[in-house]
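Please read the structure below before turning to the comments.
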Number of protein chains: 2
Amino acid sequence: MTARATYHHGDLKAALVEAAVAAAREGGEAAVGLNRLAAGLGVSASAAYRHFPEGREDLLVAVGDVGRRRLAERLAARIADADADADAEPAPGTATAARRRFRASGRAYVEFVLDEPGLFQVANRHDRGRLPGADPFGVLEACIADLVDTGVLDEDRRTDAAAAAWAAVHGLAVLLTEGPLRRLPPDRRERVLERTLDMVESGL
Amino acid sequence: MTARATYHHGDLKAALVEAAVAAAREGGEAAVGLNRLAAGLGVSASAAYRHFPEGREDLLVAVGDVGRRRLAERLAARIADADADADAEPAPGTATAARRRFRASGRAYVEFVLDEPGLFQVANRHDRGRLPGADPFGVLEACIADLVDTGVLDEDRRTDAAAAAWAAVHGLAVLLTEGPLRRLPPDRRERVLERTLDMVESGL
DNA sequence: CCACTGATGTTGACGCCGTTCACACCTCGG
DNA sequence: CCGAGGTGTGAACGGCGTCAACATCAGTGG
């Protein structure tokens, strides 16, 4: 780990991204520094520039991509959990199932941000647009489509519904991690989250 | 402005905050640098540290306070506007008036953030808690109280209502300025804003 | 098998940043 | 008038992002 045998590293780019993700997880954006990371890998700083032509910003975008991908995966997983947990009656494809999935996605979003505030911070601030397979917003849109298909949401109220729902959940996550709601005890967090999800569900 | 007559500046602290606010307005947090600002005022960098003992962070908090104060003022002003514009029938103190004020505050919040993204960014990221007279959240809470008083919102649903509403509006503002909704054309912005306000109003 | 070429890594430098310390100056109260 | 304390200066430190010139390696065509 400390020194390497060969002159070439093998896969410096991947190693840098990995280290940058680790740094972002504890310390957020400020902890992602090219010099430090390169030194940590036993490599000169300029070597990093070979792999990230636009410098630090490129690296941050790469970290952000990882963050968005993990977030999207978490959302999908929690939605699947919600489906699985419902060995209760209502068959999939029903309105209550759609509602359950929708709620699960919102809850998972906030849960992820509380788990990984640093990664989420970088993911938000350095985004060069959607990339296929790593798109949290896409997951949310799918949930909205579910709501429409099952008749929970009127077709004509569909427009911008995803954006509005996203705004509420995203805003709550931001307020809870970087914002003034930062120091809320977990039980109060839970109540606020529940309240927000209620608002979205009954207000959309 | 370029050179000063006296050895002492007079009010360097205020001058630094003013310059920092100007810098933050165009360029956001990254543009607020002690060295640059001090130099711009024709003063050595270390002089700034006399007035901001904790260094840059102190200055950013000061800028944030200005931002929060301006935001709170804007909210109050737009609420007053809404009251004034309503030379239409419904008297103040009615449910529709409370709804109008509530909506005006949400709209004003987003409006301010779009007007002053840099200032808002600093205000969010460097917050050491509420300071009296400069508290946007307090304005929102007053609006909620209005809703309760006029019977729009049930007493027992009051808990965390302000937080949920705030989350929605704040999240929308963040998505519209720093986030993925950044490049939305103004007319679509307006639709999303309206949709979000609808969601909050009917979902609270 | 070898020389060339392009990819990869190194060394050293630049300017900017935040921060600190020892020192100079100016103002004001006693 | 003098001394004390608030205010500003100069110089320095380490760290950062970035770049250009040079060194080294790995694979490919002759």
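Within every chain, numbering begins at 1; the chains are lettered A, B, ... in the order of the sequence lines, protein sequences first and strands thereafter. These figures come from a predicted structure and were not determined experimentally.
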Options D:dG8, C:dT10, D:dT18, nucleotide nearest the side-chain atoms of B:S44: D:dG8
Proximal nucleotide (of D:dT9, C:dT20, D:dA20) relative to the B:Y49 side chain: C:dT20
Reference residue A:V122; test side chain to side chain contact (heavy atoms under 4.5 Å, CB included); the match among A:V66, A:L60, A:V61: A:L60
Check: protein-nucleotides 12-16 of chain D nitrogen or oxygen pairs below 3.5 Å:
unit_1	atom_1	unit_2	atom_2	d
D:dC16	OP1	A:R36	NH1	3.2

Presence of salt bridge, A:E141 and A:R130, under 4.0 angstrom: yes
Residues A:D115 and A:R74 bridged, charged N to O under 4.0 Å: yes
Find the distance [X]:[atom1] to [N]:[atom2] and express it as a whole number of Å.
X	N	atom1	atom2	answer
B:E57	C:dT19	CD	P	9 Å
A:H51	D:dC19	NE2	P	16 Å
A:R50	D:dT24	CZ	P	15 Å
B:E54	C:dT20	CD	P	10 Å

Sub-6.0 Å ring centroid separation between B:F120 and B:H170: yes
Any N/O donor-acceptor pair, A:S46 side-chain to C:dT11 base, under 3.5 Å: yes
